[in-house]
S.K.: 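Sharing a structure below in structure tokens format, with a few things to ask.
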Number of protein chains: 2
Amino acid sequence: MYCDFMSESEISHDPIDVREALRGAGLQVTAQRLAVYQAVQATPHAMADDILQVVKNELGVISKQAVYDALNAMAEHGIIRRIQPAGSPARYEHRVDNHHHLVCRQCNTLIDIDCAIGEAPCLIAEHDHGYIIDEAEVTYWGVCPSCQNVS
Amino acid sequence: MYCDFMSESEISHDPIDVREALRGAGLQVTAQRLAVYQAVQATPHAMADDILQVVKNELGVISKQAVYDALNAMAEHGIIRRIQPAGSPARYEHRVDNHHHLVCRQCNTLIDIDCAIGEAPCLIAEHDHGYIIDEAEVTYWGVCPSCQNVS
DNA sequence: ATCCAATTCTTTACTCTGTCAAGAATTGGA
DNA sequence: TCCAATTCTTGACAGAGTAAAGAATTGGAT
């Protein structure tokens, strides 16, 4: 989905070696984490509960807490990315390059928008107020094609 | 839609006539709503529960639901604005012009960042994928001065 | 190959935001 | 002044996520 495994420009969202990434982050490699990662990869922008269901199908059993732990640990170490548009529970994605999101105000559908700049932060604030800014998160809000037809 | 009744030179955070704004939106003017608006104005980026406390001090009693109703109604009609940075409950602000936010990853402090463009959407996505985009929400993430000293 | 400490997973209970629903009270136009 | 529509109060509830403690697993050291 989203042609993530096709290397059009070879820059970013190719599948990564999760085991290696986990070890590199000082995290243990467990069946649960691998399954959670695969679920995130296979289900773009899924939320924790979706992941839980997918992984249950895969592993048979896994606890809610294990899913949250895995998601949090991997997100914290940049192996996956957590996004959370206003009004939505947290969603997860395996693309960790700097890109943005476009959300439909009506049906909440969310799609990726590539970033023209690429590297974070891709925008510079006029006045940083002394903050050390490392990311400019951009969320575009609008109405998706199918919701335009409905209304 | 955003502050259309204000002249160019005062496109900003001057106090507005809430009664008038409420009536203009077809909403009734009630003591609860006025108090909620004043609390939002007096407590920048406060969350619903903070507002509840502030208004309780003001009015003596008000229900949680009345606060939520007032916040939602006013946000829906552009009298106040709801923001919700990832990981935080909803916050409210009386500035309804197009501006952005800078959040400290450590202490979650949130400050306003003026938008150089001013009018929404201030950024254009390269590919709109058929969406009708009306807003580009920008959230800068970083570390605030005092957290820089602590670490 | 075995062992052990550290990490991770399971289970259960719980917190925190926010919503739902029904009846009482208020608002504002006729 | 009166009345219908809107809004507020009260209390129960739902969803997302966290806390804590003990069991199981991982992976490096022997």
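Every chain is numbered from 1 and lettered A, B, ... according to where its sequence line falls, protein lines coming before strand lines.
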S.K.: Just how far, in rounded Å, is C1' of D:dA16 from CZ of A:R82?
M.R.: 12 Å
S.K.: What integer distance in Å separates A:M47:CE from D:dA14:P?
M.R.: 19 Å
S.K.: Out of the candidates B:R33, B:H77, B:Q28, only one should pair with B:L22 under the side chain to side chain contact (heavy atoms under 4.5 Å, CB included) rule; please name it.
M.R.: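 Only match with B:L22 under side chain to side chain contact (heavy atoms under 4.5 Å, CB included): B:R33.
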S.K.: A side-chain contact here means heavy atoms from C-beta on lying under 4.5 Å apart; do A:P85 and A:R91 qualify?
M.R.: yes
S.K.: Roughly how far, to the nearest 0.5 Å, is the CD1 atom of A:I133 from the OH atom of B:Y140?
M.R.: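 So the OH of B:Y140 and the CD1 of A:I133 are separated by 7.0 Å.
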S.K.: Considering only NZ, NE, NH1 and NH2 on the basic side and carboxylate oxygens on the acidic side, decide whether B:D114 and B:R95 come within less than 4.0 Å.
M.R.: yes
S.K.: Ion pair present between A:R81 and A:E135, side-chain N to carboxylate O less than 4.0 angstrom?
M.R.: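 Counted as a salt bridge, because a side-chain N and a carboxylate O are separated by less than 4.0 Å.
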S.K.: Output a table of nitrogen or oxygen pairs between the protein and nucleotides 8-10 of chain D separated by less than 3.5 Å.
M.R.:
from: D:dC8; atom 1: OP1; to: B:T30; atom 2: OG1; distance (Å): 2.7
from: D:dC8; atom 1: O3'; to: B:Q32; atom 2: NE2; distance (Å): 3.0
from: D:dT9; atom 1: OP2; to: B:S63; atom 2: N; distance (Å): 2.8
from: D:dT9; atom 1: OP2; to: B:S63; atom 2: OG; distance (Å): 2.7

S.K.: Within this structure, what is the CZ-to-P distance between B:R91 and C:dT17, rounded to whole angstrom?
M.R.: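 Nearest whole value for this atom pair: 11 Å.
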S.K.: Just verifying a value: how many Å separate B:D112 CG and B:I83 CD1, rounded to the nearest 0.5 Å?
M.R.: 7.0 Å
S.K.: Between C:dT17, D:dG17, C:dA6, spot the one nearest the side chain of A:A90, thanks.
M.R.: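 Among C:dT17, D:dG17, C:dA6, the one nearest the side chain of A:A90 is D:dG17.
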S.K.: Just call it for B:A73: base, sugar-phosphate, or nothing, with non-hydrogen atoms closer than 4.0 Å on any strand.
M.R.: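 The answer is nothing, as B:A73 stays clear of every strand by at least 4.0 Å.
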S.K.: How close or far is atom P of C:dG18 from atom CG of B:L52, stated in whole angstroms?
M.R.: 12 Å
S.K.: To the side chain of A:Q28, which of D:dG27, C:dG28, D:dA16 is closest?
M.R.: D:dG27
S.K.: Is the backbone of A:L59 close enough, under 3.5 Å, to the side chain of A:Q32 for a donor and an acceptor to pair up by distance?
M.R.: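 No, the answer is negative, given that no donor and acceptor are paired below the 3.5 Å cut-off.
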S.K.: Without decimals, in angstroms, what is the distance between B:Q84 CD and D:dG15 C1'?
M.R.: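 Interatomic distance, CD of B:Q84 to C1' of D:dG15: 14 Å.
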S.K.: Rounded to whole Å, please give me the gap between CG in A:D49 and C1' in D:dG15.
M.R.: 9 Å
S.K.: Which dot-bracket string fits DNA chain C when only Watson-Crick or G-U wobble pairs with both atom distances under 3.5 Å count, crossing pairs get [ ], and | stands for a partner on a different strand?
M.R.: ||||||||||||||||||||||||||||||
S.K.: Got a sec, which residues hit side-chain contact (heavy atoms from CB on, under 4.5 Å) with A:V54, two or more places apart in sequence or on another chain?
M.R.: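 Applying side-chain contact (heavy atoms from CB on, under 4.5 Å) to A:V54 gives A:A39, A:T43.
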S.K.: Of B:Y68 and B:V29, whose closest DNA chain C nucleotide lies nearer the 5' terminus?
M.R.: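 Looking at DNA chain C, the more 5' nearest nucleotide goes with B:Y68.
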S.K.: A side-chain contact here means heavy atoms from C-beta on lying under 4.5 Å apart; do B:L71 and B:V40 qualify?
M.R.: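 Touching, per the 4.5 Å side-chain cut-off.
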S.K.: Does OP1 or OP2 of D:dT18 have a side-chain N or O of A:N72 closer than 4.0 Å?
M.R.: yes
S.K.: Rounded to whole angstroms, how far apart are CD on A:Q53 and P on D:dA16?
M.R.: 11 Å
S.K.: Nearest whole angstrom, please: distance from the C1' of C:dT27 to the CG of B:L22.
M.R.: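 Going from CG in B:L22 over to C1' in C:dT27 covers 12 Å.
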